[in-house]
Amino acid sequence: MFFHRSGGGISWLLVGLGNPGNQYAATRHNMGFMALDRLADREGLRFNKLRFRAWTGQWKVGDQQVLVMKPQTYMNLSGESVGEAARFYKIPADHVLVISDDVSLPAGKLRIRGGGSAGGHNGLKNIIQHLGTDRFPRIKVGVGSPRPGEHDMVNWVMGKPMGEDRTAVEDALDRAGDAAKTLITEGIDRAMNRFN
């Protein structure tokens, strides 16, 4: 099956950030992958093609054709994969929607933004570098941050949410998929009003 650029071509990229490999599967840093996996289960989406160094699937949302991507480059190089796909399909940055974890938000809180700095997130930083702009929409899934002296940040984001945090995050992952659908079909303002 080939993707065509014209006539029903891809109009959006929906990118979930994470690290490939079983050891990272349910960690805080993999919220983007997890949100897309849950969306795929609900929408009957299949990640069945390795393209642009990402597992990809196609999703038709309303009249929009969306290429859904889970970059396999490791988090810090996610922009290589995203930049390649955006150039190939001539997708403007404001149609590249990224789902990522955020340690500055409480566990389970969603925040939708139309752009802005990477806020210390290496995946977002690399996407900004490869798109040449920070003006792309993102859905951030809060994972909380460690209590002082408990964990360093790397161990925290590579750890798995437990107990109440886990429950809150799992609910947020489903809402992140709903937010992506709303943003793509109804626009960012509607999505922000409903999910922020």
Side-chain angles (χ1 to χ4, degrees), residues 1-18 30-49 51-52 54-71 78-79 81-102 105 108-116 118 121 123-124 126-128 130-142 169-196:
M1 178 165 113
F2 293 98
F3 298 111
H4 297 287
R5 295 190 208 199
S6 59
I10 301 294
S11 53
W12 281 85
L13 300 182
L14 173 58
V15 183
L17 296 187
N30 271 38
M31 291 296 135
F33 280 11
M34 290 157 70
L36 292 189
D37 287 341
R38 292 172 84 110
L39 181 70
D41 288 345
R42 295 198 335 240
E43 297 282 331
L45 244 173
R46 290 207 323 277
F47 291 100
N48 55 1
K49 242 186 173 46
R51 306 189 66 220
F52 312 112
W55 280 111
T56 65
Q58 278 206 58
W59 183 33
K60 190 157 174 28
V61 194
D63 57 358
Q64 305 289 329
Q65 282 288 351
V66 182
L67 184 72
V68 187
M69 303 176 65
K70 296 197 293 184
S78 304
S81 169
V82 176
E84 220 175 289
R87 284 189 298 278
F88 183 82
Y89 289 114
K90 299 182 167 59
I91 306 286
D94 65 356
H95 278 219
V96 176
L97 174 56
V98 179
I99 304 177
S100 70
D101 62 292
D102 192 325
L105 295 173
K109 174 112 177 86
L110 284 190
R111 179 162 294 149
I112 299 168
R113 287 275 175 271
H121 193 290
L124 292 174
N126 197 251
I127 292 172
I128 290 169
H130 283 270
L131 290 180
T133 179
D134 65 3
R135 303 306 302 163
F136 56 89
R138 61 217 56 180
I139 298 169
K140 299 171 173 198
V141 180
V169 159
E170 288 190 345
D171 173 56
L173 292 172
D174 287 332
R175 284 185 295 117
D178 295 338
K181 195 172 190 173
T182 301
L183 194 152
I184 289 167
T185 55
E186 300 178 46
I188 191 164
D189 292 341
R190 187 67 59 88
M192 286 167 79
N193 288 340
R194 197 174 299 170
F195 295 95
N196 272 356

Can you say whether the rings of F52 and Y89 are parallel (under 30°), tilted (30 to 60°) or perpendicular (over 60°)? perpendicular
Looking only at non-hydrogen atoms, find the nearest pair between I99 and A35 and report the distance. CG2-CB, 4.0 Å
Keeping the roles fixed (side chain from R175, backbone from G108), state whether a donor-acceptor pair exists under 3.5 Å. yes
Run the numbers on L17 and H121 for side-chain contact (heavy atoms from CB on, under 4.5 Å), then give the verdict. CA-CA 11 Å; L17 296 187; H121 193 290; 3.9 Å; yes
Any donor-acceptor pair under 3.5 Å from K90 side chain to P92 backbone: no
So CZ of R138 and CZ of R111: to nearest 0.5 Å the spacing works out to 12.5 Å
Ion pair D178/R42, N-O distance below 4.0 Å: yes
Against L67, only a single residue in I91, L14, V15, I10 fulfils side chain to side chain contact (heavy atoms under 4.5 Å, CB included); can you say which? I10
Do the side chain of T56 and the main chain of M69 share a donor and acceptor less than 3.5 angstrom apart? no
Taking NZ, NE, NH1 and NH2 as the nitrogens, is one of them in K70 or D37 under 4.0 Å from a carboxylate oxygen of the other? yes
Rounded to the nearest 0.5 Å, how far apart are CG of D63 and OG of S11? 7.5 Å
Could you check if a side-chain atom of K140 sits within less than 4.5 angstrom of a side-chain atom of L105, using non-hydrogen atoms only? yes
Atom CZ in F33, atom CZ in F47: separation rounded to 0.5 Å? 9.0 Å
Which pair of heavy atoms, one from A85 and one from L13, lies closest together, and at what distance? CB-CD1, 3.9 Å
If I take atom CG from residue D41 and atom CG from residue L36, how far apart are they, to the nearest 0.5 angstrom? 11.0 Å
Indicate yes or no for a side-chain donor-acceptor contact from R190 to the backbone of T185 under 3.5 Å, with no hydrogens or angles considered. no
To check you understand the geometry: which heavy-atom pair defines the closest contact between H130 and R87, and what is its length? O-NH1, 3.9 Å
Run the side-chain contact (heavy atoms from CB on, under 4.5 Å) test on R38 and E170 for me, step by step, so that the C-alpha distance in whole Å, both residues' side-chain angles and the decisive distance to 0.1 Å come before the verdict. CA-CA 9 Å; R38 292 172 84 110; E170 288 190 345; 3.9 Å; yes
To the nearest 0.5 Å, atom CG of D134 lies from atom CZ of R113 at 12.5 Å
For residues L110 and A172, report the shortest heavy-atom separation together with the two atoms involved. CD2-O, 3.8 Å
Can you check side-chain contact (heavy atoms from CB on, under 4.5 Å) on W59 and L39, steps first, answer last? CA-CA 10 Å; W59 183 33; L39 181 70; 3.7 Å; yes
So, S100 side chain and G32 main chain: donor-acceptor pair closer than 3.5 Å or not? no
So, does N196 use its side chain to make a donor-acceptor pair with the main chain of I112 at under 3.5 Å? yes
Which of D94, L124, V82 passes side chain to side chain contact (heavy atoms under 4.5 Å, CB included) with F136? It is L124
Which heavy atom of A54 sits nearest to which heavy atom of P71, and what is that distance? CB-CA, 3.6 Å
State, to 0.1 Å, how close I128 and G116 come at their nearest heavy-atom pair, and which atoms those are. CD1-O, 3.8 Å
